[in-house]
Amino acid sequence: MHRFSFLGPLKGALFLKEMRCYFIMPTVRVRFAPSPTGELHIGGARTALFNYLFASAAGGEFVLRIDDTDLERSRSDYIDKLISSMHWLGLTWDEGPVYQSKRLGHYTEAAERLVKEKKAYHCYCSTETLTEGRSEAKKENRAYLYPGTCRDLTEDQEESYRSEGRSSVIRLHTPDEGTTVVKDIIRGEVDFENKYIDDLIIIKSNGLPTYNFASMIDDLQMGITHVIRAEEHLSNTPRQQLCAEALGYDLPIFAHVPMILAPDRSKLSKRHGATSVEEFYSEGYLPEALVNYMALLGWSPGAGGEEEIFTLDEMVNRFDLNKVTKTAAVYDVTKLGWMNSHYIRTYNLNKLTEAALPFFEKKGLVQSPLKEQDYDYLEQVIAAVRERAKTLAELADISDYFFLDSFDYEEKGMKKHFQKENAASYIRKAAKLLQSLETHDKEAIEALYRSLSEELGISMGRLIHPTRMAITGRTAGPGLFEIMVLLGRRKTVERLEKAATYIENELPEQ
RNA sequence: GGCCCCUUCGUCUAAUCGGUUAGGACACCAGCCUUUCAAGCUGGCAACAGGGGUUCGAAUCCCCUAGGGGUCACCA
């Protein structure tokens with residue numbers, strides 16, 4: 001299939017960036033236009049990302065527009081959430097937010113002009129009439145198309161309808177023959193026969209524009225050069241183009257990106273777990289990881305490019321709409337988890353601590369505001385455990401013993417390490433030696449354990465495993481000596497003795 | 001149902017104009033490393049939806065079938 005290389009001249013423009021003021025360059029202007037009827041979900045977020053990447057790569061502008069013409073469903077708290085989600089992801093925009101609800105005059109003006117030019121007309125058909133026609137069509141198993149009843153009403157007819165108090169909508173007079181071609185960067189040319197497109201409503205009886213009309217007018221009047229949006233809009237694009245043509249505007253170039261599907265290949269919804277950016281935030285994903293993951297859903301740098309980890313800037317440098325797939329993608333939390341763990345491991349420690357703090361607070365492990373030394377301690381703990389967590393929430397989960405003095409011993413660990421012969425006495429011996437150790441540092445402790453294991457004639461493991469259980473309650477975690485240093489001598493010794501007593505008194509003889 | 005889009009390992013994907021042992025990543029399995037768990041390293045498992053053409057040669061071009069998705073609102 002033929003693909004357009006619309007980016008050609010733009011690459012040139014990029015090349016001549018410094019000379020921009022001397023030449024008139026084709027400027028890229030894109031928009032992300034969510035409707036504030038819910039939280040920003042992963043599909044919308046990726047559309048925003050692609051817009052951002054495309055605009056940034058071309059040195060163009062990115063506009064944020066809020067499509068809030070549906071007064072019933074739009075809510076201002078969703079607008080706030082949407083904006084904060086965008087900020088959190090790091091997707092900055094150059095203009096806006098522009099609200100459709102504040103541009104209503106433009107839509108009615110355009111519609112009236114079309115009526116005056118006889119390209120649109122008032123339709124007085126009742127909802128009942130229309131639904132009737134629709135259900136009849138369904139019965140006969142054919143598609144319903146508005147029959148054009150009100151296309152050629154006379155002045156007198158209109159007058160009498162109005163005096164009857166009948167309300168009207170405005171419909172666009174669409175051609176009955178011919179083909180409307182959508183030029184799409186990702187899909188090539190898509191043909192739609194006009195005979196299947198009926199006279200769509202552009203202004204509702206309440207005076208508000210319909211989505212297709214308002215959206216197209218905005219794109220046109222705002223000078224949008226590339227409309228990058230989800231594939232679900234592809235089928236409606238010919239209608240929008242017909243609006244633009246009637247109005248006499250040049251068309252923007254389209255790019256319909258594939259949808260993101262749930263694991264069962266159905267449309268993503270609440271019952272599929274976390275799908276909104278907000279939820280990913282509260283589950284402890286890092287914005288860089290989410291962005292990186294989303295970028296790879298439908299896009300890949302292509303031939304030769306085998307890496308998967310990209311910073312936003314790297315993505316900007318390599319992004320190309322022509323390399324976006326046509327196939328809908330199933331989103332897979334497992335890979336997101338891997339990516340997130342990668343970012344947790346490699347993040348700047350300070351930033352990571354900052355991001356993780358709320359999760360430690362939520363578990364009651366620390367309390368804000370933190371004293372400086374507590375903050376340092378938290379940072380060291382995070383440095384020690386970060387390699388083992390997939391989310392920030394998990395980071396807090398596996399760190400509890402660093403902050404809590406009482407914790408349960410893991411069941412399987414007790415069987416494996418506490419119920420071994422002499423476990424209690426080994427632990428006591430270690431505790432005693434640690435107590436009188438000159439310096440409580442990694443090297444000294446390790447040396448101590450080595451010599452003790454030799455002295456007792458047992459393997460290091462026989463000593464180390466019960467010790468880990470004693471001071472963390474767990475069988476897994478960071479290097480043992482590292483934990484002991486972080487915990488400090490007093491707590492280490494206390495926990496060892498407590499565990500020894502526990503084994504002696506609570507554990508049944510095997 | 002009409003119209004439109006899509007179809008490569010379980011998942012995300014790669015494969016300049018038709019010629020590859022169909023590549024990578026996640027997941028999974030095994031080994032190495034190791035005080036545990038991770039991480040890391042090495043290896044393994046695993047795909048061109050099906051059927052017809054065109055061609056010396058097809059994942060790649062054409063047609064058909066099947067499956068998935070979208071859309072057909074006075075929702076966006």
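All heavy atoms count here, side chains included; hydrogens, waters and symmetry mates do not. Quick caveat, the model's predicted, so the values are computed rather than measured.
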Between [N] atom [atom2] and [X] atom [atom1], what is the distance in whole Å?
X: A:N292; N: B:rC12; atom1: CG; atom2: C1'; value: 12 Å
X: A:I185; N: B:rC5; atom1: CD1; atom2: C1'; value: 17 Å
X: A:E193; N: B:rC3; atom1: CD; atom2: P; value: 9 Å

TODO: Give a yes or no on this: more than 12 heavy atoms of other residues, nucleotides or ligands lie within 6.0 Å of atom CD of A:Q221.
DONE: yes
Open item on the list: Can you tell me how the ring of A:H342 sits relative to the ring of A:W338, calling it parallel under 30°, perpendicular over 60° and tilted otherwise?
Closed with: tilted
Say we look at [N] and [M]: how far apart would their [atom1] atoms be, to the nearest angstrom?
N: B:rU65; M: B:rC5; atom1: P; answer: 15 Å
N: B:rG50; M: B:rC9; atom1: P; answer: 10 Å
N: B:rC72; M: B:rG10; atom1: P; answer: 34 Å
N: B:rU36; M: B:rA47; atom1: C1'; answer: 38 Å
N: B:rG44; M: B:rU7; atom1: C1'; answer: 28 Å

- [ ] Identify whether the distance between the nearest side-chain nitrogen and carboxylate oxygen of A:D332 and A:K335 falls below 4.0 Å.
- [x] no
Open item on the list: Less than 4.0 angstrom from a charged side-chain N to a carboxylate O is my criterion; do A:D67 and A:R31 meet it?
Closed with: no
Does any nucleotide pair with [N] by Watson-Crick or G-U wobble geometry, both distances under 3.5 Å, and what is it?
N: B:rU71; result: B:rG2
N: B:rC26; result: B:rG10
N: B:rG31; result: B:rC41
N: B:rU55; result: none

Any chance the side chains of [X] and [Y] put a donor and an acceptor closer than 3.5 Å?
X: A:Y347; Y: A:E288; result: yes
X: A:Y144; Y: A:E136; result: no
X: A:D199; Y: A:Y121; result: yes

TODO: Decide salt bridge (Lys or Arg N to Asp or Glu O under 4.0 Å) for A:E454 and A:R450; before the verdict, give the C-alpha distance in whole Å, the side-chain angles of both, and the deciding distance to 0.1 Å.
DONE: CA-CA 6 Å; A:E454 254 171 66; A:R450 272 194 203 291; over 6 Å; no
TODO: Not counting sequence neighbours, which residues clear side chain to side chain contact (heavy atoms under 4.5 Å, CB included) with A:S126? List them please.
DONE: A:E128, A:T129
- [ ] Indicate for each nucleotide in nucleotides 24-42 of chain B, in 5' to 3' sequence, whether protein heavy atoms under 4.0 Å reach the base (B), only the sugar-phosphate (S), or nothing (-).
- [x] BBSS-------BBBBSS--
Task: Protein-to-nucleotide contact annotation, 5' to 3' order, nucleotides 64-69 of chain B [B base; S sugar-phosphate only; - none; under 4.0 Å, heavy atom] - done: ----SS
Open item on the list: For A:R239, give me all partners under salt bridge (charged side-chain N to carboxylate O under 4.0 Å, His left out), at least two apart in sequence or on another chain.
Closed with: A:D198
What N/O pairs connect the protein and nucleotides 72-76 of chain B at under 3.5 Å? Give each pair on its own line.
{"from": "B:rA73", "atom 1": "OP2", "to": "A:R134", "atom 2": "NE", "distance (Å)": "3.4"}
{"from": "B:rC74", "atom 1": "OP2", "to": "A:R134", "atom 2": "NH2", "distance (Å)": "3.4"}
{"from": "B:rC74", "atom 1": "O2", "to": "A:S205", "atom 2": "N", "distance (Å)": "2.8"}
{"from": "B:rC74", "atom 1": "O2", "to": "A:S205", "atom 2": "OG", "distance (Å)": "2.6"}
{"from": "B:rC74", "atom 1": "N3", "to": "A:S205", "atom 2": "OG", "distance (Å)": "3.0"}
{"from": "B:rC75", "atom 1": "OP2", "to": "A:K204", "atom 2": "NZ", "distance (Å)": "2.8"}
{"from": "B:rC75", "atom 1": "O2'", "to": "A:D70", "atom 2": "OD2", "distance (Å)": "2.5"}
{"from": "B:rC75", "atom 1": "O2'", "to": "A:R73", "atom 2": "NH2", "distance (Å)": "3.4"}
{"from": "B:rC75", "atom 1": "O2", "to": "A:R73", "atom 2": "NH2", "distance (Å)": "3.1"}
{"from": "B:rA76", "atom 1": "OP1", "to": "A:T69", "atom 2": "OG1", "distance (Å)": "3.4"}
{"from": "B:rA76", "atom 1": "OP1", "to": "A:K204", "atom 2": "NZ", "distance (Å)": "2.8"}
{"from": "B:rA76", "atom 1": "OP2", "to": "A:Y211", "atom 2": "N", "distance (Å)": "3.1"}
{"from": "B:rA76", "atom 1": "O3'", "to": "A:D67", "atom 2": "O", "distance (Å)": "3.0"}
{"from": "B:rA76", "atom 1": "O2'", "to": "A:S35", "atom 2": "OG", "distance (Å)": "2.7"}
{"from": "B:rA76", "atom 1": "N6", "to": "A:N236", "atom 2": "ND2", "distance (Å)": "3.0"}

Task: 5' priority, RNA chain B, between A:V330 and A:R142 [closest heavy atom] - done: A:R142
Between N or O atoms, less than 3.5 Å apart, protein on one side and nucleotides 43-48 of chain B on the other: list the pairs.
none

Task: Side-chain touch A:P258/A:R187, heavy atoms, less than 4.5 angstrom - done: yes
